Amino acid sequence: MTDQVTRGAYIHIPFCDHICYYCDFNKVFMKNQPVDGYLDALAKEMAYYAAMGPVKTIYIGGGTPTALNEEQFERMLSDVSHYFGHDALQEFTVEANPENLSGGKLELMKRYGVNRLSVGVQSFDNELLRTIGRAHNAENARDTIQRAQAAGFENITLDLMFALPGQTEEMLHQSLETALSLNTPHISIYSLQIEPRTIFYNRMKGGKLRLPGEDIEADMYGQIIFTLEKHGLRQYEISNFSRSGYQGIHNSLYWHNEEYYGIGAGAHGYVNGKRYANAGPVKKYISLVGKHGFSEASAHAVTVQERIEEEMFLGLRLMRGVSQSRFLQKFGRHIKEVYGNQINRLKSEGLLEECGDYIKLSTKGIFLGNNVFEAFLLS
Ligand code: SF4
């Protein structure tokens with residue numbers, strides 16, 4: 001069955017029991033929210049999408065999925081497994097935060113077939129964790145990962161951040177060393193982006209946020225690539241590093257521009273050539289699902305030109321790059337017929353390379369990804 005199954009399912013749990021200072025995800029403070037009503041609606045929306053066909057990956061993200069209590073958590077996993085579980089499922093990931101990943105929740109995930117954990121660590125420096133408003137400390141994070149490993153979860157990815165306020169290269173080095181000592185086969189690491197409607201945005205506007213400059217940020221990124229690669233975690237995407245055989249399968253769907261169901265408040269999906277966004281506010285989401293069985297608030301049929309652009313933006317994030325033969329097969333045109341000028345210019349500037357069938361970022365291009373991506377906008 002899996003050869004024909006190409007889609008994934010992203011399921012969003014928008015609840016958090018505290019709000020981090022940098023966060024612009026679709027999330028809501030959990031207290032007084034209609035969590036059980038939300039889980040009812042989620043099950044109904046899962047039924048709607050499951051009827052369109054099976055998936056090869058499931059990714060439960062948030063918000064904070066592990067903020068649910070054990071009863072709610074079990075109910076959610078049982079519904080997901082009922083609608084999307086099957087023996088040939090390739091990957092079933094749940095995002096977990098150190099402060100609320102209990103032994104009971106680890107057991108439940110084992111029981112319902114979760115085979116990959118994504119742990120939101122961000123840093124192993126307690127001062128930095130306080131600065132960015134996280135609810136856990138470094139000891140909680142280490143302990144959580146070790147408990148998950150002892151419970152039989154081998155495929156664990158850590159989320160880390162860099163270019164944080166007050167962070168030095170030495171502090172980053174210490175966090176990387178601690179992360180590596182835990183021996184997880186995958187690490188994702190993102191630089192802090194200051195987004196509107198966040199506490200950090202307001203502090204920045206008030207001149208109260210001290211961030212490392214662009215040069216230090218680039219040095220940090222270089223340090224990350226060097227350190228992780230030296231320890232056998234190969235960079236396979238701009239922000240992702242893994243041991244052989246542990247690349248994230250669900251996220252690879254996005255980078256390969258494949259389709260996925262987006263289920264839950266504020267989730268985005270891509271189904272039958274259409275990208276859609278679900279209603280974000282929890283009560284609106286519940287009401288829409290009650291009426292229609294799904295919660296689409298906006299949708300857009302992706303044009304061929306947009307698909308071509310996305311193929312480049314998303315594919316070039318991968319270190320392997322964009323396959324010329326796959327491009328031809330998908331769009332019936334050679335990549336150089338569409339992008340010959342851009343490819344030649346970026347190659348001459350040392351930002352792109354051609355490697356067999358693939359067009360890929362050069363080492364210099366990896367540091368200047370956004371400049372490269374924007375060259376592939378066709379209008
Ligand atoms: S970063 Fe995660 S835990 Fe923090 S507020 Fe955002 S969604 Fe919640």
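From a predicted model like this one, the values you see are computed outputs, not experimental measurements. For ligands, and for the atoms within them, numbers begin at 1 and follow the listed sequence.
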- Does a salt bridge link Lys330 with Glu258, judged by any charged N lying under 4.0 Å from a carboxylate O? no
- Salt bridge or not for Glu311 and Arg307, using N-O below 4.0 Å? no
In residues 20-29, what donor-acceptor pairs under 3.5 Å come from side-chain atoms, sequence neighbours left out?
| from | atom 1 | to | atom 2 | distance (Å) |
| --- | --- | --- | --- | --- |
| Tyr22 | OH | Arg134 | NH1 | 2.9 |
| Asn26 | ND2 | Ala265 | O | 3.0 |
| Lys27 | NZ | Cys23 | O | 3.0 |

- Residues which pass side chain to side chain contact (heavy atoms under 4.5 Å, CB included) with Glu214, listed by chain and number, not counting sequence neighbours: none
- Message: With 2.8 Å as the limit, count the protein N, O or S atoms near atom 6 (Fe) of ligand 1.
- Response: 1
Distance-only criterion, 3.5 Å: show the donor-acceptor pairs between side-chain atoms of residues 135-143 and protein atoms not counting sequence neighbours.
| from | atom 1 | to | atom 2 | distance (Å) |
| --- | --- | --- | --- | --- |
| His136 | NE2 | Val121 | O | 3.0 |
| Asn137 | OD1 | Glu139 | N | 3.1 |
| Asn137 | OD1 | Asn140 | N | 2.8 |
| Glu139 | OE1 | Arg142 | NH2 | 2.8 |
| Asn140 | OD1 | Asn137 | N | 2.9 |
| Asp143 | OD2 | Arg147 | NE | 3.2 |

- Considering only NZ, NE, NH1 and NH2 on the basic side and carboxylate oxygens on the acidic side, decide whether Lys347 and Glu353 come within less than 4.0 Å. no
- Going by the atom numbers of ligand 1, which of them fall below 4.0 Å from some non-hydrogen atom of Asn97? 3 (S)
